[in-house]
Amino acid sequence: MDTPTPAALHEAVLGWYDDHARELPWRGVQASPWSVMVSEFMLQQTPVARVLPVHEAWLDRWPTPADLAADTTGEAVRMWGRLGYPRRALRLHAAAVAIVERHDGAVPSSYDDLLALPGVGDYTAAAIASFAFGRRHVVLDTNVRRVLARAVSGVELPAPAVTRTERDVATSLLPDDDATAATWAVATMELGALVCTARQPDCGACPIARMCAWRAAGFPAYDGPPRRGQAWAGTDRQCRGRLMALAREHDIVTTAQAEAAWPEAGQRERCLAGLVDDGLLTQITPGRWALPG
DNA sequence: CAGTCGTGGAT
DNA sequence: TATCCAAGACT
């Protein structure tokens with residue numbers, strides 16, 4: 001195995017990205033910071049293919065943060081459609097309101113200002129600062145974590161949560177200048193998304209296969225703590241999902257409709273109350289709910 | 001820190 | 001068919 005020096009990794013990955021980067025609406029010189037920010041919210045735990053049409057419709061309707069901030073949270077939730085995790089729509093709306101109030105309607109460029117916005121955690125703050133403003137930040141998403149786990153640490157998959165060591169490795173590999181660091185961030189993400197995938201990595205197409213510690217070690221299987229699968233059938237998440245689907249389809253959700261969608265009374269009522277508490281629904285009258293106006 | 005929070009395509 | 005997984009954030 002060749003020595004995986006930072007310079008060698010940079011050259012290989014940046015060269016590969018130059019030839020294989022996807023053309024996405026939120027990339028390129030024409031993409032506004034708002035477009036990047038909307039994409040980052042939508043892409044949290046959601047595949048690119050499903051985000052594309054919603055992102056386009058969203059920016060067509062709300063070209064700026066102020067446009068979204070002036071509309072209702074209910075319309076944001078409706079436009080969110082079936083992307084999943086609809087609280088992200090509420091947080092994006094709240095972030096737009098905060099941008100109008102605190103930043104004169106312009107998406108802030110600093111990591112700290114971004115991190116202070118609703119729905120923006122470490123990853124999203126770093127991603128927006130990097131992709132929209134060309135700042136130098138460690139952008140640690142699931143793709144980058146997997147690429148570094150394999151190429152540098154020699155293991156199949158990263159730990160369930162980001163470790164200190166992991167962040168140190170990523171920091172040590174970050175190029176010195178802002179522009180190269182920003183490209184490195186998006187390039188390593190793209191490599192993880194297209195080549196170094198979770199299920200079936202395409203090592204034959206990988207620009208750093210020569211330098212990959214996992215490959216050199218003979219592809220040892222993951223031996224970390226068991227990764228918890230997400231239960232679904234019969235859970236509150238499934239119940240909430242069905243109730244929200246009803247609310248998107250109808251202006252008013254009645255008790256009869258809710259009962260048909262979820263027969264178990266206790267869980268149904270608990271979930272309705274939870275959705276109201278979250279701000280995803282409002283109770284118009286007893287037995288009638290709707291998206292918040 | 002571990003649990004919670006949607007959705008649907010791929011294997 | 002059941003499981004895994006997809007640019008995480010929040011409590």
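So you know, we letter chains A, B, ... as the sequences are listed, proteins then strands, and number each from 1. All values below come from the heavy atoms of this structure, side chains included, with hydrogens, waters and symmetry mates left out.
Within 4.0 Å of A:Arg82, counting heavy atoms only, lie sugar-phosphate atoms of the nucleic acid but no base atom. Nucleic acid contact for A:Asp236: sugar-phosphate only, since backbone atoms but no base atoms lie under 4.0 Å from a heavy atom of the residue.
A:Trp262 places its CH2 atom 13 Å from the C1' atom of B:dG6, with the value rounded to the nearest Å. Look at CD on A:Glu40: it is 13 Å from C1' on C:dA9, rounded to the nearest Å. Separating the CG atom of A:Leu90 from the C1' atom of B:dG6 is a distance of 13 Å, rounded to the nearest angstrom. Protein atom CG of A:Leu140 is 14 Å distant from nucleotide atom P of C:dA7, rounded to whole Å. In this structure, A:Phe41 atom CZ and C:dA9 atom C1' are separated by 9 Å, rounded to whole Å. Here the C1' atom of nucleotide C:dC5 and the CG atom of A:Leu157 are 11 Å apart, to the nearest Å.
Considering only the side chain of A:Arg91, C:dC10 comes nearest among C:dA7, B:dG6, C:dC10. Closest to the side chain of A:Arg22, out of B:dG8, C:dA7, C:dA9, is C:dA7. Of the listed nucleotides (C:dA9, C:dA7, B:dT7), C:dA7 has the atom at the smallest distance from the side chain of A:Asn143. Nearest to the side chain of A:Tyr85, among C:dC5, B:dC5, C:dA7, sits B:dC5. Nearest nucleotide to the A:Arg88 side chain, out of C:dA9, B:dG6, C:dA7: B:dG6. The listed nucleotides are B:dT7, C:dC5, C:dA7; the one nearest the side chain of A:Arg227 is C:dC5.
Crowding of A:Gln283 atom CD: a count of heavy atoms from other residues, nucleotides or ligands under 6.0 Å exceeding 12. Within a 6.0 Å sphere centred on CG of A:Asp104, heavy atoms belonging to other residues, nucleotides or ligands number 12 at most.
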Listing time: all N or O pairs from protein to nucleotides 9-11 of chain B that are below 3.5 Å?
residue	atom	partner	partner atom	Å
B:dT11	O4'	A:Arg199	NH1	3.3

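Between A:His20 and A:Trp16, the angle of the ring planes stays under 30°, which puts this pair in the parallel group of the 30/60° scheme.
B:dG6 and C:dC5: their C1' atoms are spaced 13 Å apart (whole Å). Here the separation of B:dT4 from C:dA7, taken at their P atoms, is 24 Å to the nearest Å.
A:Arg82 pairs by the side-chain hydrogen bond (donor to acceptor under 3.5 Å, both in side chains) definition with nothing, not counting sequence neighbours.
Seen from the ring of A:Tyr222, A:Arg227 counts as a face-on cation partner, given the 6.0 Å and 45° thresholds.
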